Undergrad: 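First, the structure itself, so that you have it in front of you.
First the proteins, then the strands, lettered A, B, ... as listed; each starts at 1. All of these numbers come straight from a predicted model, not from anything done at the bench.
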There are 2 protein chains.
Amino acid sequence: MNASPSARRGREVRERLQAAAAELIAERGWSAVSTRLLADRAGVGPGLVHYHFPSLQALLSEAALGTVRALADELGALLDRADGLDEGLTGLLAALDHYDGRDTTSLLFSEVYLAAARDPELGAALADVLGATRRRIARWLAAHGAPAPEDTAAVLTAALDGVMLHRPLDAQLTSARVAPVLRRALHP
Amino acid sequence: MNASPSARRGREVRERLQAAAAELIAERGWSAVSTRLLADRAGVGPGLVHYHFPSLQALLSEAALGTVRALADELGALLDRADGLDEGLTGLLAALDHYDGRDTTSLLFSEVYLAAARDPELGAALADVLGATRRRIARWLAAHGAPAPEDTAAVLTAALDGVMLHRPLDAQLTSARVAPVLRRALHP
DNA sequence: CTATGGTTTGGGCAGTCGCCCAATGCGATC
DNA sequence: GATCGCATTGGGCGACTGCCCAAACCATAG
C-alpha cells in the first residue's frame with residue numbers, strides 16, 4: 001500500500017536522494033557525484049542508494065530528468081499566459097534572469113545535456129522532453145505569426161541554453177541585452 | 001636550449017598529454033579523466049603527468065583552453081574572409097556542420113564552460129578568450145551594418161554554443177535550419 | 001672517462017570508488 | 001505473542017584515485 005508508513009518513508013528517502021543528486025550534479029559535476037557523498041547529503045546510510053536505485057547513473061539520470069521536466073513545464077505554462085510575441089519572449093527571459101548560471105538549475109541543465117550525449121538511454125529521454133517543449137513553443141510562435149515556427153523554436157531553445165552556459169563567464173548577459181536580439185529573430 | 005634532444009622530446013610528450021586530455025575530457029567528462037588513463041592514452045608512464053604539469057586540473061585546463069583558442073581563431077579568420085553579413089553567417093554555420101555534437105571538439109567546449117563555472121582561474125581565462133572572440137565578431141557585425149553589434153555578437157556566440165549542446169539530441173539541427181532564423185537577428 | 005641535468009619509469013601511499021550483503025529495525029498482519 | 005515484509009545500517013570487496021619519489025636513463029659538457 002502507498003499509505004504504509006514504511007513505504008511512505010521509503011518514498012521520502014527516494015525523493016531526498018533525488019534532490020541531493022540534483023544539487024551535487026550542479027556542485028561537483030555529473031561524474032564527480034559519489035554514492036557516499038549523495039547518501040551524506042540526503043542524510044541516509046550509503047547502502048540506501050543502491051537499495052532504491054539500480055545504479056548511481058540511474059539515480060543521476062532520474063533526478064536530472066525530473067528537474068528538467070519541471071522547468072520545461074513551468075516555462076511552457078508561462079508562454080501560454082503571454083498574449084503577444086514580445087511579451088512572451090520578455091517573460092521567458094525574465095524567468096531565466098532568476099538564474100545566474102552558477103545555480104543548481106542552470107548547471108544541472110548543461111550537465112544533463114553532456115551526459116545525454118554519452119548515454120543513449122538518457123539521450124532518448126531528454127530528447128523527448130526537449131521535443132515536447134519545442135513543439136509547445138512552436139505552436140505558440142505559430143499562433144502569434146512568427147515565421148518558420150519549428151525552426152525558430154529549435155534555435156530559440158538552443159539560444160536560451162547557450163545563454164545559461166555563457167552566463168557564469170559574463171554576468172552582464174541578462175535579458176535586457178539578449179531580448180532585443182532574439183526579438184528580431186521572432187519577427188518576419 | 002629548445003633544440004636539446006631531451007628537451008624537445010619532453011615538449012612532444014607535453015603536447016601528447018594535452019592532446020590525450022582533450023580527447024578524454026570529451027569522451028569521459030571533465031571529472032572522469034584520471035592520470036593513469038591520460039598517461040595510457042599518451043603512451044607514457046603514469047608519473048609523467050605530474051612531472052610536466054603541477055596537477056591534473058592544470059593539465060585539463062591548459063589542454064581545454066588550447067583547443068578553444070584554436071577554434072576561436074579559426075572561426076574569427078573565417079569571418080574576416082567573408083564579404084557580407086549573410087555570407088559570413090552561412091560560413092560560420094557551415095563550419096559548425098562539420099561537428100555532430102558528439103565529437104571531441106563540441107563536447108570539450110561544453111565541458112570547459114561547465115568547468116569554468118566552478119574554477120575561477122579557468123573562468124577568467126575562458127572569459128578572456130570568449131571576450132576577444134565576441135569583440136572580433138562585433139567589429140565584423142558593425143562593419144556590415146548589423147544592429148547593436150556587441151549584444152548581437154554575445155547572443156550569436158551563445159546561440160552557436162547552444163546549438164552544439166543540443167545537436168546530439170537532434171541530428172536535424174543543422175545549418176540549413178538554423179541559418180534562416182539567426183539571419184533575421186542580424187538584420188535591422 | 002666522469003659529471004651534469006633534464007626526462008622517464010614504476011611502484012607506493014593513503015584515501016575513495018561502485019556495488020554488495022548479512023544483520024537489524026520496525027510497523028502490519030495473523 | 002509470533003511472523004512477515006519492506007526499509008535501513010554499516011562494513012567489506014577489489015579496483016581505482018591524485019600525487020609523490022627513489023632510481024634509472026641518456027645526450028651533452030668538461
Undergrad: Check whether more than 12 heavy atoms from other residues, nucleotides or ligands sit under 6.0 Å from atom CZ of A:R16, and answer yes or no.
TA: yes

Undergrad: Tell me: CH2 of B:W30 to P of D:dT17, nearest whole Å?
TA: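 Atom CH2 in B:W30 sits about 17 Å away from atom P in D:dT17.
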
Undergrad: Without decimals, in angstroms, what is the distance between B:L60 CG and D:dT17 P?
TA: 13 Å

Undergrad: Any side-chain heavy atom of B:R136 sitting closer than 4.5 Å to one from B:D73?
TA: yes

Undergrad: Minimum heavy-atom separation for B:V129 to B:A72, with atom names?
TA: CG1-CB, 4.3 Å

Undergrad: Is there a side-chain polar atom (N or O) of B:Y51 under 4.0 Å from OP1 or OP2 of C:dT8?
TA: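 No, no such contact exists.
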
Undergrad: Establish, with yes or no, whether the OP1 or OP2 oxygen of D:dT8 is under 4.0 angstrom from a side-chain nitrogen or oxygen of A:H52.
TA: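 Indeed, a polar side-chain atom of A:H52 lies that close.
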
Undergrad: Taking for each residue the nucleotide of DNA chain C bearing the nearest heavy atom, is the 5' side occupied by A:G47 or by A:L37?
TA: A:L37

Undergrad: Would you mind reporting whether A:E150 and B:R177 have side-chain heavy atoms less than 4.5 Å apart?
TA: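 The answer is yes, as the side chains (C-beta and beyond) meet within the 4.5 Å cut-off.
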
Undergrad: Would you kindly give the CG-to-C1' distance between A:L38 and D:dT8, to the nearest whole Å?
TA: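 Taking CG of A:L38 and C1' of D:dT8, I get 16 Å after rounding.
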
Undergrad: Taking for each residue the nucleotide of DNA chain D bearing the nearest heavy atom, is the 5' side occupied by B:Q57 or by A:V13?
TA: A:V13

Undergrad: Which is more 5' along DNA chain D, the nucleotide nearest A:G43 or the one nearest B:P46? Just name the residue.
TA: A:G43

Undergrad: What is the distance from CZ of A:R16 to C1' of D:dA7, rounded to the nearest Å?
TA: 12 Å

Undergrad: Can you tell me how far P of C:dT16 sits from CG of A:L56, to the nearest Å?
TA: 17 Å

Undergrad: Does A:S34 put a side-chain nitrogen or oxygen below 4.0 Å from OP1 or OP2 of C:dT16?
TA: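 No, because none of the side-chain N or O atoms of A:S34 sits under 4.0 Å from OP1 or OP2 of C:dT16.
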
Undergrad: Any side-chain heavy-atom pair from B:S175 and B:T90 closer than 4.5 angstrom?
TA: no

Undergrad: What is the distance from CZ of B:R36 to C1' of C:dT16, rounded to the nearest Å?
TA: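 Going from B:R36 (CZ) to C:dT16 (C1'), I get 12 Å.
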
Undergrad: Picking from C:dT9, C:dC13, C:dG18, which would you name as closest to the side chain of B:V44?
TA: C:dT9

Undergrad: To the nearest angstrom, how far is A:F53 atom CZ from C:dG18 atom C1'?
TA: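 Taking CZ of A:F53 and C1' of C:dG18, I get 16 Å after rounding.
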
Undergrad: Can you check whether B:H50 has a side-chain N or O nearer than 4.0 Å to OP1 or OP2 of D:dC20?
TA: no

Undergrad: From D:dT8, C:dT9, C:dG10, pick the nucleotide closest to the side chain of A:L48?
TA: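 Nearest listed nucleotide: D:dT8.
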
Undergrad: Rounded to the nearest Å, what distance is computed from the CD atom of residue B:E12 to the C1' atom of nucleotide C:dT8?
TA: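 Going from B:E12 (CD) to C:dT8 (C1'), I get 14 Å.
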
